[in-house]
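Throughout, residue positions are numbered sequentially from 1 according to the sequence presented. Reckoned from all heavy atoms, side chains included, excluding hydrogens, waters and symmetry mates.
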Amino acid sequence: MKAMVDQFNAIIRNLSRLPSIQKLTIEPSSHPSLLDYLDFSPFAGVEKLVFTGLSPAWHCAPIIISKSPNLKELQLGDTVWDDSDDLLSTPLPSLHDLLPASSSERASLRSICLESVVFPPEDVSVLLPYVKEATSITFTRMQVPDTFWEVLSGGCTSLDVGSAVLGAPFLTYISSYSGLRDLSFSMHAMYDTTMGLESTRARRFWMHNLPGHFSSLTTLRVSAQTAGGWCLDEVSIDAVSQCHALEGLWLTVDWAHIVVDDSTNIVATMFPQFFISQYLAMHESPGLALSP
């Protein structure tokens with residue numbers, strides 16, 4: 001094993017000396033245990049850094065980042081999940097373990113994608129300098145504290161937040177600026193799951209939070225886990241029908257509204273009045289029972 005590790009580390013050192021490397025991707029191989037011993041820290045000055053998979057090599061991330069002041073794109077995470085959607089035994093990395101303290105000379109990232117990363121409220125100040133001018137932010141399979149949305153300045157044109165508990169600050173952030181092009185989020189749960197409050201929040205999103213992006217939005221994906229205002233209905237259709245640049249739409253369909261033959265069939269009654277320039281995709285919520 002030692003001879004193999006020494007050989008790989010020698011290769012890494014030689015590759016790190018190549019003067020024109022701008023993108024570095026590190027992912028598991030057929031021998032993932034090797035990552036415990038490999039040292040990627042000689043790499044420096046990259047503009048795009050990607051760590052994917054169940055990667056013990058994450059400990060090299062802050063070293064490479066600190067030596068890459070012009071880093072523009074960063075992707076960290078993508079932990080392997082088993083069939084039951086439970087995490088494997090490898091502990092998740094924390095944000096403060098992955099990102100070094102940002103200096104005033106560091107330029108903001110243009111794009112950041114974090115997956116399965118522990119993001120406690122106290123780490124908001126760690127991430128914020130990296131995303132102060134980011135145009136693309138993606139969080140997947142992780143919780144994002146409300147305080148992040150409360151202090152984040154508007155200007156992001158691509159926003160993707162999946163499988164997180166989202167509160168009112170997230171929706172307030174969306175309405176704090178205009179110009180969003182791609183918006184995707186999963187309304188997995190809110191802090192108060194009372195149906196009446198959920199419907200009120202959903203109506204506020206469609207009628208007040210989203211309109212600032214009507215003229216710019218090209219892709220919209222809203223995945224609801226329960227029936228109600230986050231699903232396809234008259235209010236959401238009225239909102240998206242005003243997004244004249246929209247090319248892609250994903251909305252959850254409340255099955256109870258499309259198995260009927262009368263005027264309450266939302267698809268039959270609303271879609272003749274609705275046009276999208278390229279395509280429309282719909283899916284039923286996995287949390288809803290199908291009628292026979």
Side-chain angles (χ1 to χ4, degrees), residues 72-73 108-114 127-128 130-140 144-190 197-225 228-254 266 270-271 273-283 285:
K72 296 299 181 185
E73 298 179 52
S108 171
L109 295 172
R110 181 174 61 237
S111 172
I112 186 167
C113 176
L114 299 176
L127 179 61
L128 200 60
Y130 287 90
V131 299
K132 59 181 182 294
E133 297 177 4
T135 57
S136 178
I137 298 176
T138 300
F139 296 115
T140 304
V144 181
D146 282 345
T147 49
F148 174 76
W149 305 114
E150 291 171 347
V151 300
L152 182 64
S153 299
C156 184
T157 59
S158 178
L159 186 59
D160 186 343
V161 186
S163 301
V165 177
L166 298 172
F170 170 74
L171 301 178
T172 300
Y173 167 74
I174 292 176
S175 62
S176 68
Y177 69 103
S178 59
L180 191 58
R181 291 177 52 83
D182 302 297
L183 174 61
S184 176
F185 64 93
S186 175
M187 195 47 64
H188 180 70
M190 297 288 268
L197 182 56
E198 282 299 301
S199 296
T200 299
R201 282 171 167 160
R203 289 177 64 87
R204 185 180 300 124
F205 168 75
W206 296 116
M207 299 174 66
H208 301 290
N209 301 134
L210 192 62
H213 310 285
F214 278 169
S215 62
S216 59
L217 204 62
T218 60
T219 303
L220 175 64
R221 182 192 297 266
V222 180
S223 177
Q225 302 301 312
W230 294 108
C231 295
L232 184 71
D233 63 8
E234 291 86 348
V235 176
S236 60
I237 285 293
D238 180 65
V240 297
S241 65
Q242 299 180 63
C243 300
H244 300 298
L246 202 62
E247 299 174 359
L249 174 64
W250 288 259
L251 291 179
T252 303
V253 177
D254 177 359
I266 188 66
M270 298 305 296
F271 277 96
Q273 308 171 31
F274 182 62
F275 301 92
I276 293 182
S277 59
Q278 293 197 21
Y279 61 89
L280 171 67
M282 300 183 303
H283 66 278
S285 171

Can you give me every donor-acceptor pair (side chain of residues 177-185, partner residue at least two apart or in another chain, under 3.5 Å) with its distance?
| from | atom 1 | to | atom 2 | distance (Å) |
| --- | --- | --- | --- | --- |
| Tyr177 | OH | Cys156 | O | 2.6 |
| Asp182 | OD1 | Thr218 | OG1 | 3.3 |
| Asp182 | OD1 | Thr219 | OG1 | 3.1 |

* Carefully, step by step, assess Trp149 and Val144 under the rule side-chain contact (heavy atoms from CB on, under 4.5 Å). => CA-CA 8 Å; Trp149 305 114; Val144 181; 3.6 Å; yes

Just verifying a value: how many Å separate [X] [atom1] and [Y] [atom2], rounded to the nearest 0.5 Å?
X      : Y      : atom1 : atom2 : answer
Arg221 : Leu251 : CZ    : CG    : 10.0 Å
Glu73  : Ile112 : CD    : CD1   : 11.5 Å
Leu220 : Leu210 : CG    : CG    : 6.0 Å
Thr135 : Glu133 : OG1   : CD    : 10.0 Å

* Which residues pass the side-chain contact (heavy atoms from CB on, under 4.5 Å) test with Thr147, sequence neighbours left out? ->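 Here the qualifying residues are Pro121, Val124, Pro145, Glu150.
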
* Between Ile174 and His213, is any pair of side-chain heavy atoms under 4.5 Å apart? ->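 Touching, per the 4.5 Å side-chain cut-off.
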
* **Any Thr252 side-chain heavy atom under 4.5 Å of Trp230 side chain** =>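 No, side chains not in contact.
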
* Backbone of Ser111 reached by a side-chain donor or acceptor of Ser136 within 3.5 Å ->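 No, the answer is negative, given that no donor and acceptor are paired below the 3.5 Å cut-off.
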
* Asked: Which heavy-atom pair separates Lys72 from Ser108 by the least distance, and what is that distance?
  ->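 Shortest heavy-atom separation between Lys72 and Ser108 comes out as NZ-O, 4.2 Å.
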
* Only counting residues at least two apart or in another chain, list the ones meeting side-chain hydrogen bond (donor to acceptor under 3.5 Å, both in side chains) with Ser175. =>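 Once residues adjacent in sequence are excluded, the partners of Ser175 under the side-chain hydrogen bond (donor to acceptor under 3.5 Å, both in side chains) criterion are Asn209.
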
* **Among Val222, Asp238, Ile237, the one residue meeting side-chain contact (heavy atoms from CB on, under 4.5 Å) with Trp206** =>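 Output: one option passes, namely Val222.
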
* **Identified ring-ring contact (aromatic ring centres under 6.0 Å, His included) counterpart of Phe148 within the set Phe170, Tyr130, Phe139, Tyr173** =>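 Among Phe170, Tyr130, Phe139, Tyr173, the one that satisfies the ring-ring contact (aromatic ring centres under 6.0 Å, His included) with Phe148 is Phe139.
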
* Will you find, in the side chains of Ser236 and Asp233, an N or O donor that is under 3.5 Å from an N or O acceptor? ->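 Present: a donor and an acceptor within the cut-off.
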
